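Working notes for the structure below.
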Amino acid sequence: MNTIQLRTSIPGPKSRAFAARRDAAVPRGLSHATPVYVARSQGAWLEDVDGNCFIDFAGGIGCLNAGHRNQRVISALESQLHEFLHTCAQVTPYENYIRLAERLNQLTPGNFPKKTLLVNTGAEAVENAVKIARAHTGRPGIIAFEDAFHGRTMMTLALTSKTHPYKAGFAPFPSDVYRIPYGYCYRCSYSLKYPSCDVYCARHLEDTFKRVVAAEDVAAVIAEPVLGEGGFVNPPPEFFSILMDICHKHGVLFIADEVQSGFGRTGKMFASEHYGVEPDLLVTAKSLGGGLPLAAITGRAEIMDAPGPGGLGGTFAGNPLSCAAANAVLDEFENGELLARANSLGQHFEQRAREWKQRFEVIGDARGLGAMRAIELVKSRETREPAPEETKKITQYCYEHGLITITAGSYGNVIRVLVPLVVTDQQMDEGLDVLEAALASVCEKGRPLEAVSK
Ligand SMILES: Cc1ncc(COP(=O)(O)O)c(C=O)c1O
């Protein structure tokens, strides 16, 4: 079984040479979490160009729930390669696009007629969800949340919350976007406590319609059922049903952005299912394509049909290779094993994180749903002051010891787990052991080193 093997110092000489070429050829705006260059991958494992082998807890930022080079995906791509590569779905359409749309209409929450539009990226899908919501309601406003991430295009940047590095310097953004606090209990914007708060953050939407923007000017509320880049925050169980009730009372649509939380990551096909809500529009991407670029907007048929012919589309949107890969990903989920695996991985992580929380004062919160897990790091549990420097040291330690991890959170103080769900028990434990050693490396007697040296 493929496990961690380090043959050179990290990064190795070949990676360092590529990095030097990259610095000259690629803008610095495209940052990278680790400077190791990949040679090959399989399952939950990567080998770099210097022959070093890593366990991958990042999965290409959540795109590989079905694993690197999933065999079903490879076979589907191989047969598609022998048929045709590109014709454009708007010129001469093809069946695997339709099949995928039918399956997504069936799989997404809600027993009502649905339709699906395919595009290339998560941001493009969010853009289209906004277009469709506006076309259907005839209203301009969109309400988004603090700590939300919806992409890097101009409209999605308007919806995204975090200023640095995403938004700063790129204004002006499109108008008619309003922001309200999310159900982030560990950092409640109202300094309340669940459940005595009665989920005030969700109920507050009614107030927003009085004090910020009139409901009849709002097309949709858009939310991630579990925050992705914002720190893997899962709101209280009632949060989304309260929000949706308020939305529907006012004819406002509810858009669920499941780009990161979809396709089994949370132990259910879609995180919305944990909350018992049926979004009017549901946006997916990342793991849908099994490693190929693909995204979808699935929603109530009458809403999806609001834009007229030619109002939606894109040259490569729903290209045949990505559709073949996505149909294979859905086949892979059919027997329920990946969902069961997501839940068992999540339980295992939760148990380890509980032990770490007793040992390492730097862990303020450990949370998540299914295999969408994270730890939030703080300088002091009392003040909850974020610990971004320690977080950076931990991810650096991890990658130097053969584990690829990425951070999240508006304060850059969350370590998230997006491990491919096909990871073996041995690989998972090896990865968690590295993470534990990394936590120990920044802590002494359970306290952050910085606090000790003061
Ligand atoms: C919740 C969410 N929405 C949208 C996006 C944007 O997706 P993409 O990077 O494919 O444009 C992301 C990307 O991380 C995401 O996590």
Side-chain angles (χ1 to χ4, degrees), residues 29-33 58-65 108 117-131 133 142 144-162 165-167 170 173 177 179 182-184 220-235 240 254-266 270-272 274-275 279 281-298 314 316-319 322 325-326 329 368-369 371-374 405-410 412 414 416-418:
L30 184 83
S31 63
H32 49 52
I61 320 189
C63 296
L64 296 158
N65 291 356
T108 47
L117 173 76
L118 300 178
V119 290
N120 298 289
T121 67
E124 195 186 352
V126 171
E127 293 268 355
N128 277 281
V130 169
K131 281 170 65 177
I142 306 289
F145 287 87
E146 287 176 2
D147 303 304
F149 183 88
H150 296 292
R152 295 169 184 273
T153 57
M154 282 309 199
M155 182 66 203
T156 58
L157 275 184
L159 299 170
T160 287
S161 172
K162 190 171 175 175
Y166 302 132
K167 301 179 75 157
F170 297 126
F173 304 117
V177 171
R179 196 170 306 285
Y182 193 74
Y184 188 170
V221 167
I222 183 167
E224 296 157 86
V226 179
L227 289 183
E229 305 301 302
F232 279 30
V233 177
N234 48 311
F240 289 108
F254 179 72
I255 305 172
D257 179 345
E258 295 242 20
V259 166
Q260 197 154 159
S261 60
F263 302 104
R265 175 52 47 192
T266 66
F270 301 101
S272 298
H274 286 281
Y275 292 92
L281 297 172
L282 189 141
V283 176
T284 52
K286 290 197 186 274
S287 278
L288 168 63
L292 270 77
L294 188 64
I297 308 99
T298 303
F316 278 110
N319 82 81
S322 294
V329 167
L369 283 177
M372 192 162 184
R373 293 275 158 188
T405 57
I406 48 175
T407 60
S410 293
V414 175
R416 54 177 153 167
V417 176
L418 285 166

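As the structure is a prediction and not an experimental result, all values here were calculated from the model. Every heavy atom of this structure was used, including side-chain atoms; hydrogens, water molecules and symmetry mates were not. When a ligand or atom number is given, it counts from 1 through the structure's own listing order.
By the 4.5 Å heavy-atom criterion applied to side chains, N65 and K286 are not counted as neighbours. When side chains are defined from C-beta on, T266 does not count as touching F232, because their heavy atoms never get closer than 4.5 Å. You'll find the side chain of V233 stays beyond 4.5 Å of the side chain of D147, heavy atoms only.
The closest donor-acceptor contact from the side chain of T407 to the backbone of V414 lies at 3.5 Å or more, if one exists at all. A donor-acceptor distance shorter than 3.5 angstrom exists from the side chain of E224 to the backbone of F149, with no hydrogens or angles considered.
At least one N or O atom of Q260 sits closer than 3.5 Å to an N or O atom of ligand 1. In terms of polar-atom proximity, defined here as any N/O pair under 3.5 Å, A123 does make such a contact with ligand 1.
Protein heavy atom in closest approach to atom 5 (C) of ligand 1: V259 CG1, 3.8 Å. Nearest protein neighbour of atom 14 (O) of ligand 1, counting heavy atoms only, is K286 NZ, 3.0 Å.
The contact set between ligand 1 and D257, taken as ligand atoms under 4.0 Å from a residue heavy atom, comprises 1 (C), 2 (C), 3 (N), 4 (C). Those atoms of ligand 1 with a heavy atom of G151 less than 4.0 angstrom away are 6 (C).
Interatomic distance, L292 CG to N319 CG, rounded to the nearest 0.5 Å: 7.0 Å.
Distances shorter than 4.0 angstrom occur between a heavy atom of G122 and an atom of ligand 1. Residue E124 places no heavy atom under 4.0 Å from ligand 1.
Within a 6.0 Å radius of CZ in R179, more than 12 heavy atoms belonging to other residues, nucleotides or ligands are found.
Between E224, E258, E229, E127, it is E224 that holds the heavy atom closest to atom 1 (C) of ligand 1.
For atom 16 (O) of ligand 1, the nearest protein heavy atom lies closer than 4.0 Å.
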